[in-house]
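The structure appears below as structure tokens.
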Amino acid sequence: MPRMKTVVQERDRRSLRSKESRRIVKRLFEYLNQDKMPMFFVVFFTAAATILDILTPWILGLGITSLYDTLKAGLGVDYDYLKKIIAILIALYAISSIFYFARGRLLVTITQKMIYTLRKELSEKIRRLPLSYLDQFSVGDLLSRMTNDMESIVSNMRQNIAQIISAVVTIVGTLAMMIYIDPRLTVISLIVLPISGLVTAKIASIGQHFFRLKSHHLGRINGYMEEIVSSQEVVKSFTFEDKALAEFDEINEELYDNSYKAQFVSGQIMPLMGFISNLGYVAIAVLGGYFVYAGTITLGAIQAFFQYSRKLNQPISGMAEVIGALQSAISAADRIFRVLDAEEEVEADDPVALEHAKGDVTFKDVYFGYEPGQTVISDFNLHVEPGETVAIVGPTGAGKTTLINLLLRFYELDSGSISIDGIDIRNLTRDELRSHFGMVLQDTWLFTGSVYDNIAYGKDDATAEEIEEAAKATYADNFIRTLPNGYDTKITESGSEISQGQRQLLTIARALISNPDILILDEATSSVDTRTEKLIQKAMDRLMRGRTNFVIAHRLSTIVGADTILVLQDGNIVEQGDHASLMALEGEYYKLYHSQFEGKEI
């Protein structure tokens with residue numbers, strides 16, 4: 001009984017995979033058929049060229065029969081008839097080649113447009129997905145879906161579409177000609193078809209499993225390589241090279257193993273199909289020879305039948321290759337469609353416009369956890385007046401950065417509300433909400449481009465004068481002018497051309513030029529030396545003036561002048577007040593402060 005249950009479950013799983021594969025193929029063809037007319041001409045040219053190819057064996061058979069009969073009768077060669085046959089064949093081959101060429105050009109256009117649309121939709125989709133979903137993937141895995149999986153689809157679909165259309169027309173047309181020549185021999189060929197179909201379907205179902213695993217491990221290896229390459233300094237400084245290589249080898253071994261199995265299994269289809277087809281040829285040769293001897297069929301007709309028999313098996317064998325290639329395309333498309341079908345960030349049905357935020361921020365009864373049942377923020381309440389500077393301190397994991405993530409709607413609340421100027425942030429679009437914020441993070445982020453471009457990222461229409469003023473205000477102008485090309489100096493994403501502190505100065509200038517209503521500083525000065533920190537602090541004082549500011553800090557010297565200091569523990573406010581009042585309490589803040597400045601616990 002347990003064995004019977006296992007067999008039934010396996011059969012159900014295969015049935016589900018088969019239905020899912022059909023759904024993915026149908027969806028891919030919907031992308032291919034975006035423009036009806038080009039696809040119509042692809043079908044037309046393929047069908048027309050295939051029909052012309054089907055006619056050539058019969059016409060060639062007529063020539064052979066004519067030559068055999070005239071020579072047998074001692075009448076000599078009928079050159080005029082043979083010239084006519086040759087001319088017709090050349091014309092058919094030429095027209096067929098033109099049709100195939102036109103089809104190829106159209107297929108390139110169609111498949112490239114399909115992949116362009118998929119890339120565009122995937123890029124736009126990622127923008128609309130919540131961080132909670134994107135956190136499930138490594139950067140390398142997402143890039144693999146955007147590049148490797150896309151290329152797998154386009155390279156396989158471009159050839160397979162033509163083969164599928166040609167196979168259908170070839171099978172129908174060839175069977176018609178075979179029945180016309182000799183129905184008895186046609187029956188033998190038809191016996192081979194269901195056997196070939198069963199063998200192909202069985203092997204394809206096995207191969208599909210390995211192709212899915214191959215795509216999965218390809219994403220893993222891309223993600224791992226992205227992490228290792230982007231963290232070479234850390235890898236080398238901790239002599240992690242051997243361990244990294246061992247981990248890479250492990251993933252690479254799994255990729256190799258599943259790629260090998262996928263290719264091996266799909267590669268067995270052709271040999272088995274050839275074996276089955278050859279058995280059919282033997283039967284046709286024996287019976288066909290007997291029919292020619294008996295005079296019930298001409299030599300040219302049996303020659304044409306042999307060609308048609310091969311033509312009938314070619315699309316069937318070709319479909320074996322198509323199925324193998326489609327398995328790879330289906331696996332790649334499945335990974336892409338899973339992202340495209342993911343649940344998006346929900347926007348308000350009737351969003352409110354907020355032209356200028358005064359900066360009145362209220363957290364009311366906020367509960368939040370990254371995972372169900374694991375609360376990080378519990379019953380959190382806070383009111384921040386416009387223009388007030390709120391500093392948030394506490395041990396690692398206390399919920400400091402989580403509050404900022406909730407304020408910017410990177411994550412949604414489990415319950416409670418957050419409002420700005422009395423408007424629930426869920427009634428604002430995310431773009432509208434975030435346009436009122438400026439952020440300077442502990443982890444600096446730059447992109448490949450000039451210094452001008454990196455600062456101007458905070459304001460699309462920023463002028464050169466505004467960029468230079470922002471750089472001067474954040475004390476970045478001095479070091480920028482010492483660069484080889486000043487503001488036009490090209491820097492890379494890693495920013496290895498400049499120091500970590502200089503990178504931070506550029507991100508602060510970027511925040512300044514955006515002129516935000518509410519400013520968020522998450523350890524903004526943690527990567528700079530003491531002298532630079534003092535300069536930045538002066539710039540920050542000017543930047544924060546007249547704005548509502550949230551400052552996350554471990555260096556308590558930077559928040560002594562804050563209007564309100566919140567001390568968090570386990571997602572709750574355990575102390576609240578200004579620096580003087582909290583020091584007078586001699587509580588958690590007092591301990592944190594003295595542990596930093598005296599180097600010991602109190």
Query raised in the report: Can you check side-chain hydrogen bond (donor to acceptor under 3.5 Å, both in side chains) on Ser152 and Asp149, steps first, answer last?
Result: CA-CA 5 Å; Ser152 176; Asp149 291 335; 6.0 Å; no
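A 6.0 Å sphere centred on OH of Tyr370 holds more than 12 heavy atoms belonging to other residues, nucleotides or ligands. For Tyr457, the OH atom sits in a loose shell: 12 or fewer heavy atoms of surrounding residues, nucleotides or ligands are nearer than 6.0 Å.
Counted by atom type alone, Tyr487 and Asn454 present zero donor-acceptor pairs between their side chains at under 3.5 Å. Using modelled atom types, one finds a donor on one side chain and an acceptor on the other under 3.5 Å when comparing Asn515 with Arg547. Checking Ser331 against Asp334 by side-chain atom types alone, no donor-acceptor pair falls below 3.5 Å. Side-chain contact of Tyr116 with Glu121: a donor-acceptor pair under 3.5 Å is absent, judged by distance alone. Under 3.5 Å, the side chains of Thr402 and Asn405 contain no donor-acceptor pair of N or O atoms. A donor and an acceptor atom, one from each side chain of Thr564 and Glu388, are located under 3.5 Å apart.
A salt bridge links Asp341 with Arg27: the closest approach of a Lys/Arg side-chain nitrogen to an acidic carboxylate oxygen falls below 4.0 angstrom. We find that Glu151 and Arg119 are joined by a salt bridge, their nearest charged nitrogen and carboxylate oxygen being less than 4.0 Å apart. Ion pairing of Asp421 with Lys358 is absent here, as no side-chain N (NZ or NE/NH1/NH2) approaches a carboxylate O to less than 4.0 Å. With respect to Arg426 and Glu432, no salt bridge is recorded, no charged nitrogen being found less than 4.0 Å from a carboxylate O.
Side-chain contact between Ile377 and Leu403: present, with at least one pair of heavy atoms (C-beta onward) separated by less than 4.5 Å. Taking the side chain as every heavy atom from C-beta outward, Asp563 and Val390 never approach each other to under 4.5 Å.
Counting only distance, with no hydrogens or angles, the side chain of Thr111 and the backbone of Leu107 share a donor-acceptor pair below 3.5 Å.
For Tyr589 and His579, the ring centers are positioned less than 6.0 Å apart.
Checked against side-chain contact (heavy atoms from CB on, under 4.5 Å), Tyr133 has the following partners two or more places apart in sequence or in another chain: Leu129, Pro130, Gln136, Phe137, Val339, Ala342.
Rounded to the nearest 0.5 angstrom, Glu465 CD and Ile467 CD1 are separated by 9.0 Å.
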